[in-house]
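Here the structure comes first, spelled out in C-alpha cells, and everything after it is commentary.
Every heavy atom of this structure was used, including side-chain atoms; hydrogens, water molecules and symmetry mates were not.
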Amino acid sequence: MTFPAMSIAQAHAMLTAPGSPLEMETVVIRGRPTRTWKNAPPTLRDVFLAGRAHGDKVFLVLDDERVTFEDFARATLRLAAQLVADGVEKGDRIAIVMRNLPEWPVAFFAASIVGAIVTPLNAWWTGGELEYGLADSGTRILLCDNERLARIAPHLPDLPALERIYVTRGTEDTLGDPREVRLESIIGGPKTWGTLADRALPAVDLAPEDDATIFYTSGTTGKPKGALGTHRNIVSNIMASASSAARSCLRRGEMPPAPDPQAPQKGTLLSVPFFHATGCHAVLSPSLFAGAKLVLMRKWDVLEAMALIERERLTGAGGVPTIAWQILEHPERGRFDLSSLESVSYGGAPSAPELVRQISKQFKAAPGNGWGMTETSATFTHHMAEDYENRPDSCGPPVAVCDLQVRDPDGKLLGPNEVGELYGFGPNVVKEYWNKPEATAATFIDGWVRTGDLARIDEEGFCFIIDRAKDMLIRGGENIYCVEVENALYEHPAIMDAALVGRPHRTLGEEPYAFVTLKSGMTATEDELRSFVAARLAAFKVPVAVSFSTEPLVRNANGKILKSELKKLVGD
C-alpha cells in the first residue's frame with residue numbers, strides 16, 4: 001500500500017470520533033471553547049489512583065531498588081498524610097529539588113493529591129538560582145535530596161517563608177536548621193515502602209482547571225519565569241502519547257492494536273530529568289497511568305544504558321539526539337540485546353536525517369520526535385515512524401486537540417510554508433506566568449501562546465521549526481536561520497552535534513560561527529566543513545569559523561543547546 005493511506009486530518013477524525021477511547025469534546029476554558037480529551041483522567045489524583053491499580057508490577061527501578069506501583073502508592077499516601085498534618089492547604093506551594101530518585105514521584109504526587117501547587121526546581125541550579133525559585137514561588141515546604149540541601153544551605157536565612165525542609169538520602173549529620181526533617185523518618189526507604197500501613201486518600205476537592213504546578217522556564221535569557229499549569233494541562237499528555245502511536249498505524253493503513261492485558265510490560269529508560277516538563281508530564285504521568293516501568297540512572301553512561309535496556313527488556317529510550325547517536329555509534333553495542341526497543345524518541349534539539357534512518361534500520365524501532373515547551377506542558381506536536389522518516393526535518397503535526405498558527409510580526413496569519421512566529425492553542429497551554437503579569441500579557445494572547453520560534457507549516461499540517469526568533473542571525477541585512485545551517489552540518493557523516501551562533505562583526509553586525517562535536521573515530525577539518533556547507537547553502541550562510549569539541553555541546557536540563565554559553569566563547 002502506498003504511504004500514507006490517509007491524511008493527518010482523516011486519521012485524527014477517525015481516532016477522535018464519538019465513542020472512541022480518544023474521543024474529543026469541547027469545553028470552555030478561561031472563557032474560550034477548547035477541544036479536550038473526553039476520556040482523559042480529570043486530575044493528577046485520578047492518575048495516581050489509576051497507577052495504584054497496577055499493583056505488584058514494578059514501577060520504578062534505580063540500581064538495586066525496585067518499587068512496585070503499590071509500594072509507590074503507600075509511600076505517597078503516607079507523605080500526603082504528613083503534609084496534611086503540616087497544615088498544607090490547597091494552593092500552597094511545595095517545591096521538589098532532587099535528582100531522578102524514586103522519592104521524586106512520591107513527592108510530586110503526594111503534594112498533588114493534597115491540592116498543593118507542586119514546584120519542581122532544576123536540580124542543577126546553583127544555590128542562588130534555587131533561592132530565586134523558592135522565593136519567587138513562595139514555597140512553604142521543600143522536599144530535596146542531601147546534595148541540593150548543601151547547595152541551598154547558605155541561602156536558608158533569606159527564605160523565611162520556608163516552613164519545613166524534608167531531606168532524603170542524607171547523612172547522619174544535619175545542618176542544625178530547625179526546619180530540617182529526614183524524609184526517611186516519615187516514609188522510610190524505597191525498599192521498605194511496601195510495608196507501610198495504608199492511608200486514606202486526602203479529602204481535597206480537585207478539578208481539572210485547578211492550579212497544579214509551577215515549572216520554571218529554562219532561563220536561557222533573563223530570569224526564569226514560572227509557568228502556572230493546571231491539572232488538565234498535565235493530563236492532556238496522557239492521551240497525546242496514545243493518539244500519536246494510533247495515528248501512525250492508521251497512516252500506514254493498519255488499525256491500531258487493541259489493548260492486550262497479557263502483553264509484556266512497557267518500560268522506558270529515563271534519561272531526562274523529572275524536573276523538566278517532558279520528564280514529568282510526558283513520561284512520568286503517562287507511565288504511571290498506563291502501568292509502564294521507569295528505569296532511572298544516577299548519571300548517563302552509554303554502556304550502563306545498554307545493559308539496562310537488555311536487563312529490563314525496555315521498550316523505549318531516548319531523550320536528546322546525542323544519546324541516540326552514542327548508542328548507535330558505540331563499538332560495543334553488538335554485545336547487548338537491544339531487540340526489546342520499540343521506539344527511540346527525543347526532542348530538545350534538531351537531529352540529522354541519518355539518525356532517523358539508522359534508528360529504524362539498526363534498532364528495528366520506530367524513531368520519534370516532537371516539539372513542546374514549558375508553556376505547553378510538554379507535548380504539542382509529535383512525529384514518529386514512517387512520517388518521521390519521510391520528513392526528518394519536521395517536528396510533526398500538532399496532536400489532535402491542539403492548533404498551530406504561523407503569524408507575521410503584526411500578528412497576521414500566514415499561509416502554508418510561509419515563515420513567521422509560531423503560536424499554539426490547546427488544553428495543555430498553561431494559564432500564565434506566576435506573579436508576572438507583564439510577561440503573561442506579552443506571551444499569552446487570547447489563549448494562544450507566542451512561542452518565540454520561527455516556523456513554517458506545510459499544506460498537510462506538518463510543522464518545521466526554522467529557528468528561535470531571538471537566535472536568528474542578521475548578517476549584513478541577510479537573515480540566517482541557524483537551524484538551516486545546523487541541518488546542513490548534520491548531513492556530514494562525521495557530525496554528532498552542531499550549533500550555530502552569531503559572532504559580532506564591526507560592519508556586518510554579526511557573522512555565523514559554528515560549534516561541532518564529531519562522532520567517535522571520525523575526522524573532519526574546518527575547511528572541509530565550511531566547504532560542505534558552501535555546497536548546500538548560500539555563501540552568506542557559511543560559518544566563518546568552526547570550533548571543535550571533544551564532548552557533546554553544553555545543554556540545559558531540557559536538552560536544549562545553551563547558545564548563550566557558546567556565544568561567550570566567540571568573543572566580541
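- Residues Ser547 and Tyr513 have side chains in contact (heavy-atom distance under 4.5 Å, counting atoms from C-beta outward).
- If you check the side chains of Tyr433 and Glu375, you find a donor sitting under 3.5 Å from an acceptor.
- Across all their heavy atoms, Thr34 and Pro427 have their closest contact at CG2-N, 3.7 Å.
- The local environment of CE in Met14 is sparse, with at most 12 non-hydrogen atoms from other residues, nucleotides or ligands closer than 6.0 Å.
- In this view, Ser394 satisfies the side chain to side chain donor-acceptor pair (under 3.5 Å) rule with no residue, not counting sequence neighbours.
- One finds the OG1 atom of Thr374 at 8.5 Å from the CZ atom of Phe215 (value rounded to the nearest 0.5 Å).
- Cation-pi contact between Arg252 and Phe3: absent, since separation from the ring centre below 6.0 Å together with deviation from the ring axis within 45° is not met.
- In this structure, CG on Leu489 lies 9.0 Å from NE2 on His492, to the nearest 0.5 angstrom.
- For the side chain to side chain contact (heavy atoms under 4.5 Å, CB included) test, residues two or more places apart in sequence or in another chain that qualify with Ala50 are Phe289.
- Residues satisfying the salt bridge (Lys or Arg N to Asp or Glu O under 4.0 Å) test with Glu511, not counting sequence neighbours, are Arg503.
- Below 30°, between 30° and 60°, or above 60°: for Phe425 and Trp448 the angle between ring planes is between 30° and 60°, a tilted geometry.
- Put simply, the side chain of Val272 reaches to within 4.5 Å of the side chain of Leu270, judged on heavy atoms.
- Closest approach of Ser137 and Tyr216 over heavy atoms only: N-OH, 3.4 Å.
- Under the salt bridge (Lys or Arg N to Asp or Glu O under 4.0 Å) criterion, the residue pairs touching residues 28-42 are Glu23-Lys38, Arg30-Glu209, Arg35-Asp403, with sequence neighbours excluded.
- Ring geometry for Trp124 versus Phe275: interplanar angle over 60°, hence perpendicular rather than tilted (30 to 60°).
- The shortest side-chain heavy-atom distance between Asp497 and Trp325 does not fall under the 4.5 Å cut-off.
- Residues Ile466 and Glu484 are not in side-chain contact: their nearest non-hydrogen atoms beyond the backbone lie 4.5 Å or more apart.
- Asn428 contributes atom CG, which lies 8.0 Å from atom OG1 of Thr379 (distance to the nearest 0.5 angstrom).
- Note that CD1 of Ile238 and CG of Asn39 are 12.0 Å apart. Values are rounded to the nearest 0.5 Å.
- Applying the salt bridge (Lys or Arg N to Asp or Glu O under 4.0 Å) rule to Arg333 yields no partners; only residues at least two apart in sequence or on another chain are considered.
- The salt bridge (Lys or Arg N to Asp or Glu O under 4.0 Å) search around Glu421 returns Arg450, not counting sequence neighbours.
- A heavy-atom distance below 4.5 Å is not found between the side chains of Val554 and Ile561.
- Using a cutoff of 4.0 Å between basic side-chain nitrogens and carboxylate oxygens, Lys567 and Glu510 are not scored as salt-bridged.
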